[in-house]
Structure formats: structure tokens, C-alpha cells
Colleague: 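Before anything else, here's the structure in question.
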Amino acid sequence: SFSDFCNTLFQEEVSSTTVNLHYTLKNPKSAGIDSYEVTLGSLSGRSPKLQKKELDSLSDQLKKFSYSRLSDKQKTTYSLLSDYIKRQQALTAYPYYDDPLSPSAGVTSQLPVLLAEYPFYTKTDVDNYLVLLSQMDSYFSGILDYEQKKADAGLFMSDSACMKVQDSCEVFTEHPDDNFLIETFAGRLDSLNELTDSQKDSYCEKNKSAIKEHVIPAYTQMIFGLTSLLGRGKNDWGMCYYKDGKGYYEALVSSVTGCDDSVDSLFKQIASARKKDLSVCTDLLVKKPELLSEEPKLNAKLNNENAMLASLQKSIRKDFPKPPETECESCHVDSALSEFLAPAFYITAPIDDISHNRIYINDAKNYSDIYYFTTLAHESYPGHLYQTISTAAYGLPPVHSLFDYPGFTEGWAT
């Protein structure tokens, strides 16, 4: 049946990397996943030709189902899955254009946050986590292998971008004995009542050893590997200056937005929207010129993140359905990573448990209170958090969690 097909696809894809599985499902058995390989995955292991072959096969399997015989919810899933496969297929025509090492949103800066936040629900989670740490050096080796292939294809990043990635790696390795993954590990262990104090002490020592023997060497290896590739990036100006860069950009925009409009058409739509916005601003300034010099001020009661979150959660009910009951905790980015991460980000809750959510604030950005407030609105209510928990509460099939349309999610939060 179509439902079985979707469930099997979800189980296979979500368990392909353990970090993805753990952040998607609090209890994998609830989705019929009884066993899985503990792995960070590999970038070098899947060739572009294999990815295309897998997508083509998936498309052929999907076409075997009769759309007219599906329920309304199944038709929605079918349409989205068909659309998503089509857009991913278009991207396979441009191997090695994607870059996992972008300076602010790449693996080297984001993986430590995911590891620091990796929740421990059971003892097995702790064991799995330590296995993942032990794979860091081999995982980074695979990324460097991919970057070498990018360089051979004339697609390596510019020297300035490369050195930014190196800088973030160097900051992470500066204090190996005082790494924030040591502190956060001990804090997460405290919540596991099934462990004795001696077991916790033993795990802490294993964690320190894994960081010393695998994690720090992985970042050191990345620095040396990128140093050897300096000078291989010949393009400092943008995607369109690569061979076939415009074609890749068009396929990427299509994939990110889920939209079939041409890039030229999208630019015209953006220009038109800007023109309308500027017209509204002009009319406001004609009526009230002092708006130019006025500083936007927050209500004095909104003097911390919790007060802001509570206010947002309440005030959005004028325009949006009441959100499901859930908790939201605001955290602060560790100083070792603050320079290289976004102003704020939301850690998506597992689809089988939306009861607890976390939003990270980057203090290094030093924004004013009003920007702080609007950033929280973007990340929480009515932004990413609200969208995530409302979608989960609606009861969509798990396979929907595989569909990634950043233009949709970021458009909503914006």
C-alpha cells in the first residue's frame, strides 16, 4: 500500500544518519525502527551517479500507485513527494556544486551544536553518542575527500571563505581540555536517573577521551586539509561565475522554494514587492516625518527572553490558531562558536514529542532589544517553533519530515 511505501521510505532515510534519527524521533521504535547502524554518515561514500539512480528508482516506484485511489491526505503526500523527487533529480545534474563547509552554516560549525544538544533519554543514547564522537575523524576525512573532488572539478570555495572555515576550526581546538562538549555532556548525564554516580564518572572519562582522540584531531585534520586546498578556488564572485553555475543556481532556487517560476520572474516579483513596501513607508513618513528619528522601544516588562516568549505566545492568538501546549527554553551559544553562527536558531523538536523546544541566542551579535524581540518571534511564535509544533499536532505522516523546502519554512518565519 501507499502508506507502507511511505513508512518504509521514512524508516530508511531517517535512520541513514544517527544524528538525524535522534533529532527526528525520540523513540525510534514508535516508528517501527527496531535496529539501526550508529553512524554520522559519509559524504564520500555516495557518488552523484548513485544518488541519481536512487532518485530515479524512487520516482518509478511512486508512479506505480494510482493517484485517484488515494485518500485526500495521501494525495497531498504523493504530490509533495513527487515534487520533491523531481527537484532533487534536477540537482544531480550538478555534482560537487553543493558545499557542506559554508562558513556560517557548515558542518564544522553546526555539528558541535547538534552534539552539545544531543539529548540523552536512555543509557543507549549515551553509548550511541560516544560512538558518534569516535567517528568524527573518519567523517571529516570524507568531507575533505569531497572537497578535493570539488577542487578537481574547479568548484572549490574562495580562499577568503576557506580561511573563515579554518578560523572556526581553530577556535574550536584552542582549549581541548576545556571544550564545551565536556561540560554539556556532564549536564545531560545528570538527567539520567538510571545511571549510578560511578557510571556517570566513567562515561565522563570516556567522553573526554573521545574528544581528545577523535574530535580535536578531526578539526586539526580539517585545518591541514583545507590549507592544502588554498589557492584551488578560482572564483571570488558568486555562483554564476562557475561553469554551469547559472544552471545550478536555477535548479537550487527551484529546490529551495518549491516554485517553478524562472529566476527572472522571481526577481521581478521581489522588485515589485519592494516597490510596494517603499510606497507604504513613504506614505507613513509623509503623514508622520518624526518616524525617521524615533527609536522603537519595547515594553519595559519585556526585559528578558522568557518574558518575550510568553508575550509572543499570547499575542499571536489575535491572528493565529492557539498553539499546542509545549515548553520552550532559551539557551545561549557557547563563546567558542558564537562568531561563526547565526544570530539565533531553533532546534527542531522530535516529531513524536513536541513537549520541549530550545531556541539558541547568539550574544556575540549584540543586537538591540527590538531586534532581539523580532528575532525571537522569527524563531519561536509565530515563527519556526509555532510552525513545527502545529504541523506535528496536525498529524501528517512521518515521511513529510523528509521534505526540505527552506523557502517555505524561512518564508513563514520571516
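Values reported hereafter were calculated over all heavy atoms of this structure, with side chains retained and with hydrogens, waters and symmetry mates removed. Note that the structure is predicted; figures quoted are calculated from it, not measured.
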Colleague: How about OH on Y249, more than 12 heavy atoms from neighbouring residues, nucleotides or ligands closer than 6.0 Å, or not?
Modeller: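 Open: at most 12 neighbouring heavy atoms sit under 6.0 Å from OH of Y249.
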Colleague: Salt bridge check, D145 against K149: does any charged N sit closer than 4.0 Å to a carboxylate O?
Modeller: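 So K149 pairs with D145 through a salt bridge.
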Colleague: Quick check against the 3.5 Å criterion: does N304 have a side-chain atom that pairs as donor or acceptor with the backbone of A307?
Modeller: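 The answer is yes, because a donor-acceptor pair under 3.5 Å joins these two groups.
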Colleague: Check this for me: Y241, atom OH, are more than 12 non-hydrogen atoms of other residues, nucleotides or ligands nearer than 6.0 Å?
Modeller: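 No, OH of Y241 has 12 or fewer neighbouring heavy atoms, counting only those of other groups under 6.0 Å.
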Colleague: Do R87 and D260 meet the salt-bridge criterion of a basic N to acidic O distance under 4.0 Å?
Modeller: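 A salt bridge links D260 with R87.
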Colleague: Under a plain distance cut-off of 3.5 Å, with no hydrogens placed, do Y203 and D127 share a side-chain donor-acceptor pair?
Modeller: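 Their side chains do contain a donor-acceptor pair, which is all the 3.5 Å distance test asks for.
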Colleague: Can you establish whether the number of heavy atoms outside K212 located under 6.0 Å from its atom NZ is more than 12?
Modeller: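 No.
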Colleague: Side chains of R232 and D152: closer than 4.5 Å at any heavy-atom pair?
Modeller: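 In short, these two side chains touch, coming nearer than 4.5 Å.
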Colleague: Quick one, L81 and L9 - any side-chain contact, counting heavy atoms below 4.5 Å?
Modeller: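 A side-chain contact under 4.5 Å exists here.
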Colleague: Backbone N or O of K268 within a donor-acceptor pair of the S272 side chain at under 3.5 Å?
Modeller: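 The answer is no, because no donor-acceptor pair under 3.5 Å joins these two groups.
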Colleague: Measure across H356 and A349 and return the closest heavy-atom pair with its distance rounded to 0.1 Å.
Modeller: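 For H356 versus A349, the nearest heavy atoms are O-CB, 3.9 Å.
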Colleague: Are F5 and F65 an aromatic pair, judged by ring center distance below 6.0 Å?
Modeller: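 Yes, close enough.
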Colleague: Strictly distance-based, threshold 3.5 Å: is any side-chain N or O of S79 a donor or acceptor partner for the main-chain N or O of T76?
Modeller: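 A pair under 3.5 Å: no.
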Colleague: Any side-chain heavy atom of I143 sitting closer than 4.5 Å to one from V107?
Modeller: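 The answer is yes; the side chains approach within 4.5 Å.
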Colleague: Can you see which heavy atom on C328 is nearest to which on I359, and at what distance?
Modeller: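 Shortest heavy-atom separation between C328 and I359 comes out as SG-CD1, 3.8 Å.
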Colleague: So do the side chains of Y219 and D137 get within less than 4.5 Å of each other, counting heavy atoms only?
Modeller: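 In short, these two side chains do not touch, never coming nearer than 4.5 Å.
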Colleague: Quick one: sort the Y381 and Y386 rings into parallel, tilted or perpendicular, breaks at 30° and 60°.
Modeller: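 Rings of Y381 and Y386: perpendicular, as their planes differ by over 60°.
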Colleague: Taking T375 for its side chain and Y371 for its backbone only, find out whether a donor-acceptor pair lies under 3.5 Å.
Modeller: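 Judged by distance alone, yes, a pair lies under 3.5 Å.
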Colleague: Surrounding CG of D197 (heavy atoms of other residues, nucleotides or ligands, distance under 6.0 Å), is the total greater than 12?
Modeller: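 No, the 6.0 Å shell around CG holds no more than 12 heavy atoms from other groups.
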Colleague: Can D56 and Q89 be said to form a side chain to side chain donor-acceptor pair (under 3.5 Å), step by step?
Modeller: CA-CA 8 Å; D56 291 346; Q89 283 174 313; 2.8 Å; yes
Colleague: Could you please spell out the steps behind the side chain to side chain donor-acceptor pair (under 3.5 Å) verdict for T409 and H384?
Modeller: CA-CA 7 Å; T409 52; H384 289 310; 5.2 Å; no
Colleague: Does the pair E327 and S355 meet the rule for a side chain to side chain donor-acceptor pair (under 3.5 Å), with working shown?
Modeller: CA-CA 6 Å; E327 294 179 4; S355 63; over 6 Å; no
Colleague: Is a side-chain donor or acceptor of Q135 paired with a backbone partner of V38 at a separation under 3.5 angstrom?
Modeller: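 Side chain of Q135 to backbone of V38: a pair is present.
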Colleague: Run the numbers on S262 and D264 for side chain to side chain donor-acceptor pair (under 3.5 Å), then give the verdict.
Modeller: CA-CA 5 Å; S262 68; D264 285 342; 5.4 Å; no
Colleague: How about I370 and K297: do any of their side-chain heavy atoms sit closer than 4.5 Å?
Modeller: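 No, too far: nothing below the 4.5 Å cut-off.
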Colleague: When you compare the side chains of S3 and S1, does any donor N or O come within less than 3.5 Å of an acceptor on the partner?
Modeller: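 The answer is no; no qualifying pair exists.
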Colleague: Let me confirm one number: the CE-OH distance from M239 to Y242, rounded to the nearest 0.5 Å.
Modeller: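 So the gap between those two atoms works out to 6.5 Å.
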Colleague: Taking the six-membered ring where the residue is Trp, are the ring centres of Y129 and F185 under 6.0 Å apart?
Modeller: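 Under 6.0 Å, so yes.
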Colleague: Tell me whether the centres of the aromatic rings in H22 and Y121 are closer together than 6.0 Å.
Modeller: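 Judged by ring-centre distance (under 6.0 Å), H22 and Y121 do meet the cut-off.
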Colleague: If only atom types and distance count, is the side chain of E250 paired as donor or acceptor with the main-chain N or O of V263 below 3.5 Å?
Modeller: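 No: the side chain of E250 does not pair with the backbone of V263.
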Colleague: Side-chain donor-acceptor pair under 3.5 Å between E12 and S16, yes or no?
Modeller: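 E12 vs S16: no donor-acceptor pair found between side chains.
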Colleague: Got a second to check how far L25's CG is from I351's CD1, nearest 0.5 Å?
Modeller: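 Reported to 0.5 Å precision, the distance equals 5.0 Å.
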Colleague: Begin with the C-alpha distance, continue with both residues' side-chain angles, and end with the deciding distance and a verdict on side chain to side chain contact (heavy atoms under 4.5 Å, CB included) for E13 and V399.
Modeller: CA-CA 9 Å; E13 289 296 319; V399 72; over 6 Å; no
Colleague: Are W237 and N235 side-chain neighbours, meaning at least one heavy-atom pair lies under 4.5 Å?
Modeller: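 Counting from C-beta outward, W237 and N235 do come under 4.5 Å.
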Colleague: Y146 pairs by ring pair (Phe, Tyr, Trp, His ring centres under 6.0 Å) with which of F156, F140, Y96, Y139?
Modeller: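 Exactly one option meets the ring pair (Phe, Tyr, Trp, His ring centres under 6.0 Å) with Y146, and it is Y96.
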Colleague: Begin from the C-alpha positions of L62 and F2 and carry the test side chain to side chain contact (heavy atoms under 4.5 Å, CB included) through to its verdict.
Modeller: CA-CA 8 Å; L62 184 62; F2 181 70; 3.7 Å; yes
Colleague: How long is the gap from NZ on K234 to CG on L155, to the nearest 0.5 Å?
Modeller: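 So the NZ of K234 and the CG of L155 are separated by 13.0 Å.
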Colleague: Quick one: ring pair (Phe, Tyr, Trp, His ring centres under 6.0 Å) partners of F224, sequence neighbours excluded?
Modeller: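 Expected list: none.
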Colleague: Between Q166 and I223 (side chain of the first, backbone of the second, donor and acceptor by atom type, cut-off under 3.5 Å), is there such a pair?
Modeller: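 Such a contact is found between Q166 side chain and I223 backbone.
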Colleague: Just so I know, are the side chains of P324 and I354 near enough to count as touching, which here means a heavy-atom distance under 4.5 Å?
Modeller: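 The answer is yes; the side chains approach within 4.5 Å.
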Colleague: Do any N or O atoms from the side chain of W412 and from the backbone of P382 form a donor-acceptor pair under 3.5 angstrom?
Modeller: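 Judged by distance alone, yes, a pair lies under 3.5 Å.
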Colleague: For Y23 and L114, which heavy atoms make the closest approach, and how far apart are they?
Modeller: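 That closest heavy-atom pairing would be OH-O, 2.5 Å.
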Colleague: Over all heavy atoms of both residues, which pair between L21 and S15 is shortest? Give the atoms and the distance, please.
Modeller: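 What the structure gives for the nearest pair is CB-CA, 4.2 Å.
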Colleague: Between the side chain of S315 and the main-chain N/O of S311, is any donor-acceptor distance below 3.5 Å?
Modeller: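 Yes, because the side chain of S315 sits within donor-acceptor range (under 3.5 Å) of the backbone of S311.
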Colleague: CG of N357 to OG of S380: how many Å apart, nearest 0.5 Å?
Modeller: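 Reported value, rounded in 0.5 Å steps: 10.0 Å.
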Colleague: Could you check L298 against N303 for side chain to side chain contact (heavy atoms under 4.5 Å, CB included), going step by step and ending with a plain yes or no?
Modeller: CA-CA 8 Å; L298 275 179; N303 56 7; over 6 Å; no
Colleague: Tell me yes or no: between the side chains of Y360 and E379, is some donor less than 3.5 Å from an acceptor?
Modeller: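 Side chains of Y360 and E379: no pair found under 3.5 Å.
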Colleague: Please test F373 against L302 for side chain to side chain contact (heavy atoms under 4.5 Å, CB included), starting from the C-alpha separation and ending with a verdict.
Modeller: CA-CA 9 Å; F373 182 77; L302 302 179; 3.8 Å; yes
Colleague: Is H332 atom NE2 crowded by more than 12 heavy atoms from other residues, nucleotides or ligands, each under 6.0 Å away?
Modeller: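 Counting other residues, nucleotides and ligands, NE2 of H332 exceeds 12 neighbours.
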Colleague: Between L181 and N207, what is the shortest heavy-atom contact and its length?
Modeller: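 So the minimum-distance heavy-atom pair works out to O-ND2, 3.4 Å.
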Colleague: Roughly how far apart are E170 CD and T220 OG1, rounded to 0.5 Å?
Modeller: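 Taking CD in E170 and OG1 in T220, the distance rounds to 9.5 Å.
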Colleague: Could you measure the distance from the NZ atom of K200 to the CZ atom of R188? Nearest 0.5 Å is fine.
Modeller: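 Going from NZ on K200 over to CZ on R188, the span is 13.5 Å.
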Colleague: Does the Q74 side chain pair with the main chain of S71, one donor and one acceptor, at a distance under 3.5 Å?
Modeller: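 Present.
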Colleague: Quick check: closest heavy atoms across M157 and D99, and the distance to 0.1 Å?
Modeller: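 In this case the closest contact between M157 and D99 is CE-OD2, 3.6 Å.
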Colleague: Flag the pair Y36 / N128 as yes when at least one side-chain heavy-atom distance between them is below 4.5 Å, and no otherwise.
Modeller: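 Yes; the side chains approach each other to less than 4.5 Å.
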Colleague: Can K123 and E194 be said to form a salt bridge (Lys or Arg N to Asp or Glu O under 4.0 Å), step by step?
Modeller: CA-CA 8 Å; K123 179 179 177 294; E194 65 179 286; over 6 Å; no
